[in-house]
Amino acid sequence: MSLAAEFGITLTQHVLRKQTGHRDARGQFSQLLTQIGVAGKLITAQVRRAGLIELWGATGDVNVQGETVQKLDRIANDTFIEVLKRSGCVAAMASEEEDEVIEVPPQMAGDYVVAFDPLDGSSNIDVNVSIGTIFAVYRRHDRNEVVKSDILRPGREQVAAGYIIYGPSTALVYTDGKTVDCFTLDPSCGEYFLTRENIQMPEKTVQLSINECNEPYWAAWVTPYLDALKSRNDAEKRRVSARHIGSLVADFHRNLLKGGVYLYPTDAKTGRGKLRVLYECNPLAFIAEVAGGAATDGVHRILDIEPQGLHDRTGLVIGTKAEIARVAEFVAKYGTGRA
Ligand code: AHM
Ligand code: MG
């Protein structure tokens, strides 16, 4: 075998291969995904120094070069914005870290709009546990100006979505609506290689991810649903196991590969969920559906939610298709009111 044949397919090669015959005439879609990969590499470099950044912070918020130390989520946000701005593929962005839409100057603007959470899993950033970047990609409506409906639109209009997980290795998972593929960053050469192609979520739920300490705030359906789920385990066999990291990306990634369900239900008292529609729930719901899974807020399909604001929140239940169907049965039986 030649040396070249021993290498895997790179992210850029894969995206280009899949774009053949697509209407991405200007090549911007391929370029955009490649540039998201670049942002992921730059963020990886910072995440790997997380403890050191904190150390500089402790010495007076100034690092050895005399620069002000920023928190890691700020660094990730600025990196993502800057890389996408310079890519020439993006007209506007929405970020968890920014109150308003970030518009790209017209001379640098491209065909796409991106919503992202630059570093999700804030409670895990400082304690060396997996965190990630989540992104949703839409095609802009109007080539001349950015309009409100370019950003505030249902998740079913996404043309691509993905996440980058900063774990023992950095992995980038994305869907173009046809397949879900995973790439792992080889730190020795700085390239992403295809490591899992056409991921399908296993049909059986073997893992449960939920912050059970939120029980006082759950709607009536949640506890009986969880009781039923746990009762699949008996003296003979443990069929379901609890796995909760507290980083949505990491919890979702594990459930995608192993088969599981993640819940962050709507708070029955306030009627609000915690997770954000545009850049947390929509991209993962899109990936889940393409991989054969499903996602709901308890009542509605996540991808059909019509967002009213950039930072709208929702309840989220995401996992295997069979599990989401079971959730619907419990919602119908017990309701979404307070327990
Ligand atoms: P963040 O965007 O501030 O990081 O919040 C989102 C995170 C998710 O990654 C995680 O699943 C969830 O919040 C955990 O919340 P809680 O600590 O309330 O269980
Ligand atoms: Mg987040």
Side-chain angles (χ1 to χ4, degrees), residues 36 39-40 43 46-47 50 70-81 93-99 102 114-136 155 161-167 171 173 207-219 222-223 226 242-256 258 260-288 293 295-298 302 305 307 309-319:
I36 287 174
I43 297 171
Q46 297 297 332
V47 166
Q70 290 179 296
K71 280 188 65 104
L72 211 48
D73 37 14
R74 260 280 133 205
I75 295 174
N77 184 55
D78 294 349
T79 303
F80 216 77
I81 292 172
M93 294 170 253
S95 164
E96 183 186 313
E97 296 284 327
E98 304 285 335
D99 291 342
I102 309 141
V114 181
F116 60 90
D117 182 350
L119 212 51
D120 183 63
S122 41
S123 66
N124 284 326
I125 294 175
D126 294 339
V127 292
N128 218 357
V129 173
S130 296
I131 46 183
T133 300
I134 317 176
F135 59 91
Y163 56 85
I164 304 160
I165 177 167
Y166 313 103
V173 174
Q207 296 185 146
L208 163 67
S209 317
I210 187 167
N211 183 345
E212 293 219 44
C213 291
N214 285 333
E215 186 165 8
Y217 323 113
W218 288 342
V222 184
T223 301
L226 291 179
R243 289 287 183 275
H244 185 250
I245 296 167
S247 286
L248 176 60
V249 176
D251 281 308
F252 175 78
H253 186 65
R254 196 200 44 243
N255 291 343
L256 175 70
K258 306 264 185 190
V261 61
Y262 171 98
L263 301 94
Y264 208 119
T266 304
D267 179 326
K269 191 170 73 176
T270 61
R272 273 163 44 106
K274 173 177 183 184
L275 299 170
R276 272 56 56 106
V277 177
L278 284 190
Y279 41 77
E280 291 177 325
C281 301
N282 275 345
L284 300 186
F286 190 32
I287 293 170
T296 173
D297 67 357
I302 290 292
I305 295 174
L310 286 187
H311 304 287
D312 279 8
R313 296 169 188 265
T314 179
L316 175 68
V317 187
I318 187 164

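Numbers here are sequence positions counted from 1. Computed from heavy atoms alone, side chains included, the values below leave out hydrogens, waters and symmetry copies. Counting convention: from 1, in listed order, for ligands and their atoms alike.
Between E96 and R74 no salt bridge is recorded (no basic side-chain N to carboxylate O distance below 4.0 Å).
Side-chain contact check for D73 and S122: no donor-acceptor pair (N or O, by modelled atom type) lies under 3.5 Å.
A side-chain hydrogen bond (donor to acceptor under 3.5 Å, both in side chains) with N77 is found for exactly one of E98, K71, E97, namely E98.
Around ligand 1, the residues contributing at least one heavy atom under 4.0 Å from the ligand are E96, D117, D120, G121, S122, N211, G246, S247, L248, Y262, Y264, K274, L275, R276, E280.
The minimum heavy-atom distance between D120 and V249, with the atom names listed, is OD2-N, 3.8 Å.
E215 meets the side-chain contact (heavy atoms from CB on, under 4.5 Å) test with W218, T223; sequence neighbours excluded. For N124, the side-chain contact (heavy atoms from CB on, under 4.5 Å) partners are V127, V129, I131, I245, S247, not counting sequence neighbours.
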Side chain to side chain contact (heavy atoms under 4.5 Å, CB included) for Q46 and T79? Distances and angles first, verdict last.
CA-CA 10 Å; Q46 297 297 332; T79 303; 5.5 Å; no
Evaluate the criterion side chain to side chain contact (heavy atoms under 4.5 Å, CB included) for residue pair R254 and S209; output intermediate values, then yes/no.
CA-CA 10 Å; R254 196 200 44 243; S209 317; 2.8 Å; yes
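Protein atoms that are N, O or S and lie under 2.8 Å from the Mg ion (ligand 2) are these: E96 OE1, D117 OD2, D120 OD1, E280 OE2.
Aromatic ring pairs are classed by plane angle as parallel below 30°, tilted from 30° to 60° and perpendicular above 60°; the pair Y279 and H311 is perpendicular.
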